[in-house]
Amino acid sequence: QVQLVESGGGLVQPGGSLRLSCAASGFTFRNYAMNWYRQAPGKERELVAGISSSGDSTNYADSVKGRFTISRDNTQNTLYLQMNSLKPEDTAVYYCKGPSMSRNYWGQGTQVTVSS
């Protein structure tokens with residue numbers, strides 16, 4: 001029933017920008033805090049950014065602070081991640097999920113590749 005569909009990834013040059021989207025369904029999206037995670041090859045999945053249910057509070061990993069912005073549109077049940085000043089080390093598969101949600105709800109993710 002719960003479905004999280006990430007999109008918007010692609011290939012971008014260092015210094016470029018990309019906006020990821022996460023379309024949520026099967027639950028009351030506006031009542032859930034949401035996170036973006038990423039997993040690079042050979043590395044553990046890590047928390048990138050989080051946002052409160054209302055969107056009035058956000059938090060970021062130190063590695064992306066000042067470059068990434070998490071936001072949400074509760075009328076559209078959609079979570080966003082605006083990524084600016086991208087670096088090769090941002091290359092990863094990006095996933096969305098609420099911190100209280102089961103690991104069973106991981107979607108397919110969207111691939112972000114930052115390369116010259």
Side-chain angles (χ1 to χ4, degrees):
Q1 190 77 349
V2 171
Q3 191 170 13
L4 299 165
V5 181
E6 300 92 347
S7 63
L11 175 64
V12 64
Q13 294 186 4
S17 296
L18 210 56
R19 189 181 77 158
L20 307 184
S21 297
C22 169
S25 61
F27 64 102
T28 307
F29 179 75
R30 69 180 185 274
N31 290 343
Y32 285 77
M34 295 294 295
N35 293 339
W36 282 100
Y37 304 82
R38 68 186 181 189
Q39 188 166 27
K43 296 184 178 180
E44 299 287 322
R45 183 180 274 107
E46 64 174 339
L47 178 65
V48 174
I51 189 167
S52 62
S53 59
S54 67
D56 63 0
S57 180
T58 60
N59 61 86
Y60 300 91
D62 288 342
S63 59
V64 308
K65 195 170 297 182
R67 300 188 297 119
F68 290 12
T69 303
I70 188 171
S71 62
R72 65 193 297 160
D73 185 345
N74 284 345
T75 70
Q76 296 292 322
N77 293 339
T78 304
L79 179 73
Y80 301 99
L81 185 67
Q82 179 66 47
M83 305 185 295
N84 299 325
S85 302
L86 283 161
K87 304 175 180 180
E89 50 262 47
D90 296 318
T91 296
V93 179
Y94 284 71
Y95 303 87
C96 62
K97 193 176 72 65
S100 68
M101 292 178 171
S102 168
R103 292 171 293 176
N104 293 336
Y105 296 143
W106 290 117
Q108 293 298 115
T110 186
Q111 175 72 52
V112 172
T113 303
V114 184
S115 177
S116 299

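Residue indices begin at 1 and follow the sequence shown. Owing to the predicted nature of the structure, the values given are computational and were not obtained by experimental measurement.
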Are [X] and [Y] joined in one hydrophobic group, where the rule is that I, L, V, M, F, W and Y side chains link up if heavy atoms are under 4.5 Å apart?
{"X": "Tyr80", "Y": "Met34", "value": "no"}
{"X": "Tyr37", "Y": "Val2", "value": "no"}
{"X": "Leu81", "Y": "Val93", "value": "no"}

Rounded distance (nearest 0.5 Å) linking atom [atom1] of [X] with atom [atom2] of [Y]:
{"X": "Leu79", "Y": "Lys97", "atom1": "CG", "atom2": "NZ", "answer": "12.5 Å"}
{"X": "Ser7", "Y": "Arg19", "atom1": "OG", "atom2": "CZ", "answer": "9.0 Å"}
{"X": "Thr58", "Y": "Lys65", "atom1": "OG1", "atom2": "NZ", "answer": "9.5 Å"}
{"X": "Trp36", "Y": "Cys22", "atom1": "CH2", "atom2": "SG", "answer": "5.0 Å"}
{"X": "Ile70", "Y": "Asn59", "atom1": "CD1", "atom2": "CG", "answer": "7.5 Å"}
{"X": "Asn74", "Y": "Arg30", "atom1": "CG", "atom2": "CZ", "answer": "8.0 Å"}

Query - Val5 and Gln108, any side-chain heavy atoms less than 4.5 Å apart - result: no

Query raised in the report: Less than 4.5 Å apart, any side-chain heavy atom of Ser115 and any of Leu11?
Result: yes

Among residues at least two apart in sequence or on other chains, which ones pass side chain to side chain donor-acceptor pair (under 3.5 Å) with [X]?
{"X": "Thr75", "value": "Asp73"}
{"X": "Asp90", "value": "Arg38, Arg67"}
{"X": "Gln3", "value": "none"}

Report task. Go through the steps for Val48 and Met83 under the test side chain to side chain contact (heavy atoms under 4.5 Å, CB included), then give the verdict. Result -> CA-CA 11 Å; Val48 174; Met83 305 185 295; over 6 Å; no

Query - ring pair (Phe, Tyr, Trp, His ring centres under 6.0 Å) partners of Tyr95, counting only residues at least two apart - result: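 So Tyr95 forms a ring pair (Phe, Tyr, Trp, His ring centres under 6.0 Å) with Trp106.
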
**Report entry** ring pair (Phe, Tyr, Trp, His ring centres under 6.0 Å) partners for Tyr32, two or more places apart
**Finding:**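 By the ring pair (Phe, Tyr, Trp, His ring centres under 6.0 Å) rule, Tyr32 matches Phe27.
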
Which pair of non-hydrogen atoms, one from [X] and one from [Y], has the smallest distance, and what is that distance?
{"X": "Leu4", "Y": "Ala24", "result": "CD2-CB, 3.8 Å"}
{"X": "Tyr60", "Y": "Thr69", "result": "OH-CA, 3.3 Å"}
{"X": "Asn35", "Y": "Ile51", "result": "OD1-N, 4.4 Å"}

Query raised in the report: Counting distance only, does the side-chain N/O of Thr113 pair as donor-acceptor with the main-chain N or O of Thr91 below 3.5 Å?
Result: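 It does not hold such a pair.
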
Query raised in the report: Any side-chain donor-acceptor pair under 3.5 Å between Asn31 and Ser53?
Result: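 There is no such pair (donor and acceptor under 3.5 Å, judged by atom type) between the side chains of Asn31 and Ser53.
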
Query - Residues in salt bridge (charged side-chain N to carboxylate O under 4.0 Å, His left out) contact with Asp56, at least two apart in sequence or another chain - result: none

Query raised in the report: Would the number of heavy atoms belonging to other residues, nucleotides or ligands and lying under 6.0 Å from CD of Glu46 be above 12?
Result: yes

